[in-house]
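What follows is a set of notes on a single structure, which appears directly below.
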Amino acid sequence: DGGITQSPKYLFRKEGQNVTLSCEQNLNHDAMYWYRQDPGQGLRLIYYSQIVNDFQKGDIAEGYSVSREKKESFPLTVTSAQKNPTAFYLCASSVDSDNSPLHFGNGTRLTVT
Amino acid sequence: AQSVTQLDSQVPVFEEAPVELRCNYSSSVSVYLFWYVQYPNQGLQLLLKYLSGSTLVKGINGFEAEFNKSQTSFHLRKPSVHISDTAEYFCAVSGVTSYDKVIFGPGTSLSVIP
């Protein structure tokens, strides 16, 4: 079955360390997205990519970085510059960037202490 | 720019009772509207979407929503809920161009009581 795989499901890191969250899709979708979810705040867009080797900042990009070297993969790095990194991170993809419905992975819960 | 309001943060309802989850949006341009459901510790999945055409949209799991342009609303309804409907529900809006990104509401937690 096609879908989006996020790994790991739970991730623990010490403050000051960079950490990379994995996102892989086999849906052949062009567009991929990273969202951050905090209780009571819905989803906020961190970065998105409409095509390979291209990506744009979302609403809360500070302290994060991404790459899109392959169509299937869109890893997110949470850097030590991110002030409040503890959150639930969701990766999504869509057929194209023209507001097609989003398909989501099952998320990675990052805890930084 | 668009924004989404979900007035009810939590909605408790008895099993087999009807439910309505409210969603209002603001936008100065034409919009697409979506409802997503999130079960605990999972990602979101699409329930239904309004792109154009009929204002009454039917989705999966017996849910439906009605687009009301004059009231800028897109309320989600189900005539009879099941325990398995307990989840977080997110309303989302986007403009109709490729430059417009999806904006999510804060979510409504639906709890179905046996």
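All chains are named by letter (A, B, ...) in the order of the sequence lines, taking the proteins before the strands, and each is independently numbered beginning at 1. Atoms considered below: every heavy atom in the structure, side chains included; atoms not considered: hydrogens, waters and symmetry mates.
Contact of B:E88 with chain A is not made at all, since no heavy-atom distance falls under 4.5 Å. For B:Y36, the part lying near chain A is the side chain, with the backbone staying farther off; criterion is any non-hydrogen pair under 4.5 Å. Only the side chain of A:R109 comes within less than 4.5 Å of a heavy atom in chain B; its backbone stays farther off. Only the side chain of A:Q37 comes within contact range of chain B, with at least one heavy atom under 4.5 Å from a heavy atom of that chain. Both the backbone and the side chain of A:L102 come within less than 4.5 Å of a heavy atom in chain B.
Across A:G105, A:G107, A:P101, the residue that shares the most heavy-atom pairs under 4.5 angstrom with chain B is A:P101.
Around atom CD1 of B:I83, more than 12 heavy atoms belonging to other residues, nucleotides or ligands sit under 6.0 Å away. In this structure, B:K49 places its NZ atom where only 12 or fewer heavy-atom neighbours from other residues, nucleotides or ligands lie under 6.0 Å away.
Distance check: B:L51 CG to A:S100 OG gives 8.5 Å after rounding to the nearest 0.5 Å. Rounding to the nearest 0.5 Å gives a distance of 6.0 Å between CD of B:Q38 and CZ of A:F88.
Side-chain heavy atoms closer than 4.5 Å link hydrophobic residues (I, L, V, M, F, W, Y) into clusters, and following such links, even through other members, never connects A:V19 to A:Y35. One hydrophobic cluster, built from ILVMFWY side chains closer than 4.5 Å, cannot hold both A:L27 and A:M32; they sit in different ones. Under the 4.5 Å side-chain contact rule for hydrophobic residues, B:Y50 and B:I60 share a cluster. Linking Ile, Leu, Val, Met, Phe, Trp and Tyr residues whenever their side-chain heavy atoms come within less than 4.5 Å leaves A:L11 and A:I4 in two separate clusters. No chain of hydrophobic side-chain contacts below 4.5 Å, direct or via other Ile, Leu, Val, Met, Phe, Trp or Tyr residues, connects A:Y89 to B:L44.
Residues A:Y48 and B:K101 meet the side-chain proximity criterion, which asks for heavy atoms closer than 4.5 Å. Here the side chains of A:L45 and B:I103 are not in contact, with every heavy-atom distance at 4.5 Å or above.
For the pair A:K9 (side chain) and B:N41 (backbone), a donor-acceptor distance under 3.5 Å is present.
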